[in-house]
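Sequence lines set the chain letters: A, B, ... in the order given, protein chains first and strands last, and positions in each chain run from 1.
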There are 2 protein chains.
Amino acid sequence: MLLDALQRSEPSNEPYLEASTTGRAHETHSLERLLQAWPLQRRRVCAKQYVFRAGQARHALYLVHAGFFKTAVVSEDGREKITGFRMRGDLLGLDALDMPTYACDVMALDTGELWELPYARLRDELPQFQERVTALLASEIRRDWSWMLTLGTLGADQRVVTFLFDLASRLEQLGFSPNRLQLRMTRAELGNFLSLTLETVTRVLSRLQARGLIGVAGREICIKDRNGLQTVLRDNTAYH
Amino acid sequence: MLLDALQRSEPSNEPYLEASTTGRAHETHSLERLLQAWPLQRRRVCAKQYVFRAGQARHALYLVHAGFFKTAVVSEDGREKITGFRMRGDLLGLDALDMPTYACDVMALDTGELWELPYARLRDELPQFQERVTALLASEIRRDWSWMLTLGTLGADQRVVTFLFDLASRLEQLGFSPNRLQLRMTRAELGNFLSLTLETVTRVLSRLQARGLIGVAGREICIKDRNGLQTVLRDNTAYH
DNA sequence: CGGTCATTTGATAGACATCAACGTAAGTGG
DNA sequence: CCACTTACGTTGATGTCTATCAAATGACCG
């Protein structure tokens, strides 16, 4: 139950414009609707380009309008950890709201468009905005906790499957097909997010494909047997 | 740099009332000062007692005034993950601000006192409160990310050392000695938080003690050689 | 003082990391 | 248009960290 509310991670965007079974314009888009009357600064970014980096002066909040992004934290000694993948409707920079500088790196994984939100003005002039921001902050915490649970208690296969389900669910929310996933990150990035090596990610995907549960063609993955994948989650619950 | 701002996890409370070198009344206590004029409902809890559990109707926010607590999420199939240890100055229930029910379990690890904060009223009547809550939410996210980094990229020894440093730092902020740590959680709980087994935690502590870096007597741990411990962190940076 | 729970330590095994090649795709420049 | 380069992905062999299993000791409590 908690899980349903929490799980999240990944995106794929412009292709696959099929109709979703559940309709469009979900929670994710509510911020966009809220901001329709505002003249927002837009910013285009290309793949591998940083939106901002930890330590830079915080100018604004960014609302993802298109494209895929990764957020990451880095330690002094260079260890990096991808904390999430962001897509349309996600807000970037929230985690530094109380700071003068950004607290994480955000990199575009493909070309995308961002809307620059002037936080202070929106907060003061748009009453629902503050509330929305609070909700987004809280849900980010729950999402993080959910991933901590996943990474801390599940084995490699189950982590990957959890990721695939989460990505599929997010895509579906945006109106895309939940069965054809276009990964925008490398195996290494996926592995980093899941606390696995890139080789392990590859092996898991191959394994799942061999069992007929998914189809893998590079970064294009299709989900063939949802129940089978659910079984993977239920079965060998490694650890603890 | 990021790390310093982020790391956090653990507490120990009433004993060790030594003077801290850095003075008192830090950021952590600012909420208490802010609330001095308010008549707050207080609640006493005993060890092993739940403050609230995930799914229960959300009544209020709780400010920890005394005692130690653990927050945990649980999946449908019973996997549990401790997401943090909370002490004086921490706010409980923040992660569910936008929900009708709590999103995690909170259990007292010893006797403690909580102050019940009526969120809606405080938000409306105390302007600085909203701001404070936002800051706390954001810093919880950064803290979570920092632990994700630690758990995802460091080996067992380094996780435990990171934990000890974090705990020591938090204790110092509260005015206690940063060198004598009274753990309030079992090895199993510590292991759960660090994504290790209780046996591994025990072994690491024994190992560090054998090297003369710390002293271990059950749940009482004293830090003997900070530099030596720093070395552990620098050295064998396992993984990736 | 028996009984439960927490901690410690040892022996063993397994899952995943590491190391090493090789295959594939895409982009560059001659 | 095709070597050449570079980045990414796949697969295999091997190693190791830490989980698992097991047992003994100690602490606390009714």
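Per the geometry, CG belonging to B:L208 stands 12 Å off P belonging to C:dT9, to the nearest Å. Atom pair A:M185:CE and D:dG9:C1' shows a separation of 15 Å (rounding to whole Å applied). Between the P atom of C:dA15 and the CG atom of A:L194 lies a distance of 18 Å, rounded to the nearest Å. For the pair A:L154 CG and C:dC16 P, the computed distance is 10 Å after rounding to whole Å. We find that CZ of B:R207 is positioned 12 Å from P of C:dG10, with the value rounded to whole Å. Remark: C1' of C:dA17 and CZ of A:R79 are 17 Å apart, rounded to the nearest angstrom. The distance from atom CG of A:L183 to atom C1' of D:dA7 is 17 Å, rounded to the nearest whole Å. In this structure, A:R187 places its CZ atom 13 Å from C1' of C:dA25, rounding to the nearest Å.
Rounded to the nearest 0.5 angstrom, B:L63 CG and B:D90 CG are separated by 8.5 Å. Atom CG of residue A:L167 and atom CE of residue A:M87 lie 7.0 Å apart, to the nearest 0.5 angstrom. Atom CG of A:D95 and atom CZ of A:R58 lie 9.5 Å apart (nearest 0.5 Å). The structure places CD1 of A:I221 at 11.0 Å from CZ of A:R219, a figure rounded to the nearest 0.5 Å.
Comparing D:dT10, C:dA11, C:dT8 by their closest approach to the side chain of B:L198 singles out C:dT8. Ranking C:dT18, C:dA6, D:dT20 by closeness to the A:T197 side chain, first place goes to C:dT18. Minimum atom distance to the side chain of B:E199 is reached by C:dT9, of the listed C:dT7, C:dT9, C:dC16. Closest to the side chain of A:T202, out of C:dA6, D:dA19, D:dT10, is D:dT10. Relative to the side chain of A:T186, the nucleotides C:dA20, D:dA22, D:dC8 differ in distance, and D:dC8 lies closest.
Under 3.5 Å, the side chain of A:R203 and the base of D:dG9 form no donor-acceptor pair of N or O atoms.
For B:R219, a side-chain nitrogen or oxygen approaches OP1 or OP2 of C:dT7 to under 4.0 Å. A close approach under 4.0 Å does not occur between any side-chain nitrogen or oxygen of A:T200 and OP1 or OP2 of C:dC16.
In this structure, B:S206 and B:K48 both approach DNA chain C, and ranking their closest nucleotides by distance from the 5' end singles out B:K48.
At least one donor-acceptor pair under 3.5 Å links the side chain of B:R159 to the backbone N or O of B:L194.
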